[in-house]
Amino acid sequence: MKSILKVHDLSVQYPYTEQPTLKNISITVEKGEALLIIGASGCGKSSLALAIAGLIPRTIEAEQQGRIYLEGRDIAEMSPGEVCQQVGFVFQDPEAQFCMLTVEDEIAFGLENAGFSPDLIETRIEEALEKVGMSEHRYSHTHRLSGGMKQRVALACALALHPPILILDEPTANLDPAATEDFFRLLESLIASKNHTILLVEHKLEKPAALMDRVVVINEGEIVAENSPRHVFAQQNQLLMKIGVWQPYASELAGKLEKAGISFSPFPLTVAELLEHAGKDSQKSNALAKQVARPIEATDSLETGVEELAIDCRQVSFSYKTPFQEAKVLENIQWQVRPGSFLALLGENGIGKSTLARLVLGLLKPSKGSISLFGKNTKSISRKRVAELAGLVFQNPEHQFLTDSTWEEIAYSLKLANIPGTEIPRRVQELLEEFSLAEKAEANPFTLSQGEKRRLSVASMLATDQQLLILDEPSFGQDYQNTYKLMNLVKARQLKGCTVVMITHDMRLVWEYATEVALLSEGKLAYTGDPEGLFYQKDLLEACSLKPPLPLHMMKGLESVEKRGSIKKPGDLKEDALKAGALNV
Amino acid sequence: MFNYYEGQSILHQMNPVLKLASIGFSMILLTFSFDPFVPFVLIIILLNLSYWMGKVPFTAMLKGLLPFVLLAFGFFMMQVLFPRSGDEILFFSIGPFTISQQAFWRGCALAFRVLAYAAYALLFVATTDPTELLLSLMQQTKLSPKYGYSMLAAYRFFPLYQSEFATLKEAHLVRGGKERKGIKGKGEELYRYAIPLLAQAIRKAERVAIAMEARGFTGERGRCYFKKISLRWTDGVLAIALFSLVPAVMFMMHHFEVLYVWDGSLFF
Amino acid sequence: MTVLPKDHKWTLKEIIVMSALGVAFAPLYMAWIQVWAIATGLLGPIGLDIVFGFWFIVSIICAHIFRKPGAALISEWIAAVVQIPLGSPSGAWLIVSGFVQGFGAEVPFWLTRYKKFNTSILMLSGVGASIASFLYNWFRFGYAGLAPGLLITMLVIRVISGAVLAGLLGKGIAEGLAATGVLSSFPLGKEWREKRRKSVHEKYSEGA
Ligand SMILES: Nc1ncnc2c1ncn2[C@@H]1O[C@H](COP(=O)(O)OP(=O)(O)OP(=O)(O)O)[C@@H](O)[C@H]1O
Ligand SMILES: Nc1ncnc2c1ncn2[C@@H]1O[C@H](COP(=O)(O)OP(=O)(O)OP(=O)(O)O)[C@@H](O)[C@H]1O
Ligand SMILES: [Mg+2]
Ligand SMILES: [Mg+2]
C-alpha cells in the first residue's frame with residue numbers, strides 16, 4: 001500500500017535563528033492511521049504540522065530542506081488549493097485562523113474554496129457545528145466568542161471539509177473538561193471510521209494514549225522515539241520524564257515510584273492497571289496514596305494579616321451590549337476572595353470567567369453593583385491604582401506584549417515594579433531561566449511558540465509586585481516540566497502573601513494547588529469553598545461541564561482497594577475501580 | 001465612525017452594489033454643489049431615510065455623527081476666523097471679530113457638505129453587511145476574489161484598529177503604565193501607540209493572509225459562493241430613486257431661488 | 001516589461017498588508033485637514049503648502065516596505081478613497097487627487113527601476129508627489145491667476161514639505177516598523193534584520 005503521507009529528511013530553520021527548529025525528520029504515515037505527536041513546548045511540533053500542511057515555507061517564511069509527499073506527490077509541486085483538499089489543519093491559536101466575520105461564513109469559506117455546491121455547503125456547516133456543539137452560535141461573530149468557543153469553531157472548519165488527512169494542533173488547550181471529553185469521543189469515531197488519517201499534537205494524554213496507533217516523540221527538533229503508545233510510555237518512561245513531557249497519569253505515577261526504587265511489570269498505562277498493581281502490593285499502594293494526596297500547602301490557606309478582602313464583588317451584573325441585543329453574562333454576583341488564598345475560578349467555556357477577570361481589573365465596567373480591591377472601591381480609585389493593586393495575565397498572551405524582545409518584555413515589568421536598574425539584567429536572566437526561555441532572550445515575542453508565549457506572559461506578570469494576581473489559563477499548552485515550574489512559582493508568590501486567582505480547566509492543578517474554588521454557572525456563582533467539597537458533588541460537576549481530577553479518581557480507587565485488603569483476583573479489582581469511577585477518566 | 005446594524009429593512013435588503021453605485025454617484029454629483037442649502041436639505045432627507053427606512057437606531061446615528069459635527073464645526077470656524085482677502089461684505093460682528101458674508105456662507109457650505117457626505121456614508125455603512133457587499137461586488141461586478149477578499153480584510157481593519165487600540169491600552173494599564181487624561185494626554189498616547197498599533201495591524205493582516213491560504217484560498221475566478229446576492233428590478237428602482245435625490249434637491253433649490261443668496265466658490 | 005524587477009507579482013499577503021496600511025492612514029489624513037486649517041490661519045495660504053507633504057506619506061512607507069511597482073500609487077489611492085465615506089469635504093475629488101499624488105510618488109521609483117530605496121530616492125518620491133499635486137491644483141483651482149513670485153514660493157515650499165513630511169517622516173515610520181520585527185517577510189524587514197545582525201556582530205567582535 002502506498003503511504004498517504006511521507007516526510008523525508010525534513011529540516012526547517014526560521015530566518016535569523018541560529019539553529020534549525022526541525023532536524024532531519026522522517027515519518028511515514030499509512031492511510032487511516034492515527035498518529036500522536038508529543039514533545040516539550042517549543043520543540044517544533046507546530047512547525048512540523050505547518051510544514052506538512054504546506055504552509056512552511058510557502059506562506060510562513062523559513063528555510064526548508066527535505067521533502068514531503070502526499071499520496072506520492074511532492075507537496076512543493078502542489079498548489080495551496082490542492083494541498084487543502086488533502087489536509088485539514090487546525091491552528092494552535094484559533095484566533096490566527098479566522099478570516100471571516102461570522103461563524104457560518106468562516107466554515108463556508110473553506111468549503112467554497114474547495115468548490116462545493118451551496119446545498120452541500122449547507123449540510124456540511126450544520127453537520128460540523130453539530131459535531132462541535134456550536135449549532136446555536138452559527139450566526140455569532142467570531143470575535144465575540146470566548147477562547148474555548150473559538151477553538152471549537154476552528155475545529156468545525158476543518159471537520160467540514162472531510163479531509164483525508166486531519167492535523168490537529170492542541171485542539172483541546174482551551175476547552176473545558178466536558179468539551180475535551182466530547183472532542184476525544186469525536187476523535188474516536190473519526191478514527192473508527194477509518195476515513196481520516198489523523199495527526200494529533202496534544203498534551204492531555206489519558207484518552208489519546210488508548211486511541212492513537214502510534215506516538216512520535218520530538219525533542220529539540222529531532223525524533224527521539226517512535227512506536228505504539230504502550231511501547232513508548234512503558235519503555236521510554238525515563239526518557240519522557242527527562243525531556244519533561246506529559247504522560248498518561250498512571251505511567252507518570254509509576255515512573256515516579258520506579259525512580260524511588262519500586263518497579264512495575266508490566267508497566268501500567270491506565271489507572272485501572274495501576275490499581276491492579278496496588279492491590280497486590282501494599283508498599284505500592286502506600287506510596288501511591290502519598291503521591292495522590294493533596295499537598296499540605298493546598299489545604300491550608302495563608303494568614304496574611306491583611307484585614308480587607310482581596311476581591312469583594314457586590315451584586316455585580318454585566319452584559320455585552322450591541323445595538324440590538326444585550327448578552328447577559330453575569331448577574332448579581334457576590335464574590336469574596338480572602339487575601340492570601342489561591343483561588344481557582346472554574347466554569348464551562350463561554351460562561352464568563354475571563355469577563356469577570358476583566359471586570360475586577362476595571363477593564364470592563366459592571367452594569368450594576370460594585371467591586372472593591374483590598375477595601376477600595378474600583379470606581380473611586382484611578383485605573384493606575386487598580387493596576388498597582390492587581391495584575392492580570394490575559395487568556396491570549398499576545399494581548400499583553402508591549403516590547404520587541406523577550407528580554408525587554410520582562411525588563412519592562414521589573415522597571416515598573418521599581419527594581420533598581422543595576423538589578424534588572426540579573427533578575428531578567430533568572431526569570432528567563434526559570435521559565436525555560438533563556439535561549440529566546442533576543443526573540444520577538446510574537447515569533448515564539450504558543451507555549452513559550454504563554455510562559456513569557458506569565459513571567460512578565462510574576463516579575464511585578466502586585467498583591468493580587470489573576471491568571472487566565474496560565475498553564476494551557478504547557479508541557480509537564482514547565483507546568484509545574486510555572487505553578488510552583490505562582491505558589492511561591494502566594495506563600496509570600498500575594499492573593500492568586502487562577503482561571504483554569506485543569507482540575508488536577510486545582511486539586512494540587514488551589515486552597516479555594518469558585519464555580520461560575522449561568523451568570524451566578526454555583527459554588528465557593530474548598531476544592532474537595534466541590535469534587536464530591538457529582539451532579540453539580542456534571543451540570544457545569546467539570547470532571548473530578550485524576551488524583552481523586554486514583555484516591556477513591558486506592559481506598560476501595562484498601563477496604564478489601566490485598567486481593568488476588570484482578571477481575572474484582574477492575575469492578576471496584578469501575579464503581580469508584582476510576583475508569584471513566 | 002459608523003458601524004453596520006443588522007436588520008431586515010428595505011435598505012438592508014437592497015443589492016449592495018447598486019446601493020454603493022447610487023450613493024457613490026450622488027456623492028460625485030454633490031461635489032459640484034457649492035452652496036450650503038442643497039447639502040442641508042439632503043442631510044435632513046438622508047437622516048430621515050436612515051431612520052424610517054433603514055431602521056438605524058437613533059442613538060447610533062447621533063453617536064456616529066458626533067465626530068462629523070465637530071469636524072464640520074471645525075471647518076466652519078476655520079472659514080469664519082480666517083477670512084480670505086476679498087471677503088469684504090460685513091455680515092455681523094461679535095466683539096473684536098468681524099465676520100464677512102462670504103466667509104459665513106462658505107463656512108456653512110463646507111460644514112454642511114461634510115455632514116452630507118457623512119449622512120450618505122451613515123446610510124450606506126449602517127445598512128450594508130460588509131460581507132454581502134463584498135460578495136455582491138464579486139458576483140455582480142466580477143471583481144477578482146483575490147482583491148475582493150483583500151478588500152474585505154481591509155474593511156474589517158476599521159473596527160480592528162479601535163479594538164487593537166483598546167487592547168494595547170489595556171495591556172499598558174494592566175502592566176502598570178499610566179492612563180493619560182485630556183487632549184494633550186490623548187495626543188501623547190496616540191504618538192506613543194502609533195508604531196505598535198501599525199505593527200499590530202501589519203501582523204494581523206499578515207495572519208489573515210496566512211489563514212486564507214491555509215484554508216485553500218487561491219484567489220482564482222469562477223469560485224462558487226455559498227450565499228448568492230440577489231439582483232431584482234426593485235433594487236434598480238430604489239437605486240434610481242436614491243440617485244435622483246441630489247438633482248431633485250438641486251432643482252428645487254434652484255426653482256425657489258434660494259441658491260442666489262450666495263454664489264461664491266469653495267476652495268475644495 | 002523589461003523595466004520591472006522579476007518578482008513584481010503581488011502576493012496575497014502583500015496586498016492585504018498594503019490595504020491595511022492604506023486604510024490606517026485614511027483617518028490620519030482626515031485629521032491632518034485640521035492641521036492645515038491651523039497653519040492657514042496662522043500663515044495664510046502658504047500654510048497649505050507647508051503641511052501638504054504629510055498627505056503622501058503612505059506612498060513612501062509602502063514603497064519602502066514592499067519595493068514593488070504600484071506600492072506608492074495604490075496605497076495612496078486607497079488612503080484617499082477611504083476618506084470619502086469618512087466624510088472628507090473634498091468628497092469624490094479624492095478619487096482623482098489620490099491617484100495624481102500616488103502617481104507622482106511612484107515616478108521616481110519607476111525611473112530607478114525599483115532598485116534603489118535610499119533616503120534621497122524616498123525624498124525624491126515626496127518631491128514627485130508634490131509636483132504632481134501642484135500641477136493638479138493648478139488646473140483645479142486656477143493657480144494661473146496668481147503672481148509668478150508667489151507661485152514659485154508655493155511650489156518650493158511644497159516640494160520641501162513633500163521631501164521632509166512624506167520622504168523623511170515616512171522613512172522613519174517604515175523603519176520604526178521594521179525595528180519591531182513585523183516586516184520580517186518583506187524586503188525592508190529583511191534588509192533591516194541583516195543590518196542589525198551586522199551591527200551586533202561588529203559590536204561583539206569589537207568587544208573580543
Ligand atoms: N467582546 C464581546 N462582545 C460580545 N460578547 C462577548 C464578547 N466577549 C465575550 N462575549 C461573550 O460573553 C460570554 C463570556 O465570555 P468569556 O470570554 O468571559 O468566557 P470564559 O468563561 O472566559 O470562556 P472560556 O473558558 O472559553 O475562555 C461568551 O458567551 C461570549 O460569547
Ligand atoms: N516565525 C518564527 N520565527 C522564528 N522562530 C520561530 C517562529 N515560529 C516558531 N519559532 C521557534 O521555533 C521553535 C519551535 O516552535 P513550535 O511552535 O514549532 O513549537 P511547539 O513544539 O509547537 O511548541 P508549543 O508546545 O509551545 O506550541 C520555538 O523555539 C519557536 O520560538
Ligand atoms: Mg505548538
Ligand atoms: Mg476565557
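In what follows, every chain begins at residue 1, and chains take the letters A, B, ... in the order their sequences are listed. Because only heavy atoms are used, hydrogens play no part in the values below, and waters and symmetry mates are left out as well, while side chains stay in.
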Can you list the steps and then say if B/V208 with C/K13 is a side-chain contact (heavy atoms from CB on, under 4.5 Å)? CA-CA 8 Å; B/V208 171; C/K13 190 151 85 178; over 6 Å; no
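- Taking CG of C/L21 as the reference point, atom CD1 of B/I202 lies at 4.5 Å (rounded to 0.5 Å).
- Here C/A24 is the residue among C/G22, C/S19, C/A24 with the most heavy-atom pairs under 4.5 Å with chain B.
- Distance CE/B/M27 to CD1/C/I95: 9.5 Å, rounded to 0.5 Å.
- Pairing each heavy atom of C/G176 with each of B/I195, the nearest pair is O-CG2, 3.9 Å.
- Using a 4.5 Å cut-off between heavy atoms, B/Y147 touches chain C through its side chain atoms alone.
- A 6.0 Å sphere centred on CZ of C/F99 holds no more than 12 heavy atoms belonging to other residues, nucleotides or ligands.
- Looking only at heavy-atom pairs under 4.5 Å with chain B, the residue among C/I78, C/T11, C/L177 that has the most is C/L177.
- To the nearest 0.5 angstrom, C/L12 atom CG is 6.0 Å from B/F217 atom CZ.
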Start with the C-alpha distance between C/Q83 and B/Y117, add both sets of side-chain angles, then the distance that settles side-chain contact (heavy atoms from CB on, under 4.5 Å), and finish with yes or no. CA-CA 10 Å; C/Q83 286 176 75; B/Y117 283 131; over 6 Å; no
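- For B/F40, the CZ atom counts as loosely surrounded, since its 6.0 Å shell holds 12 or fewer non-hydrogen atoms of other residues, nucleotides or ligands.
- Of the inter-residue distances, the one linking C/I15 atom CD1 with B/Y149 atom OH reads 14.5 Å to the nearest 0.5 angstrom.
- In the displayed structure, C/F117 atom CZ is contacted under 6.0 Å by more than 12 heavy atoms of other residues, nucleotides or ligands.
- Of all heavy-atom pairs spanning C/V182 and B/A199, the tightest one is CG1-O, 3.5 Å.
- Separating the OG atom in C/S184 from the CZ atom in B/R203 is a distance of 9.5 Å, to the nearest 0.5 Å.
- Here the closest non-hydrogen pair linking B/E206 and C/F186 is OE1-CE1, 4.2 Å.
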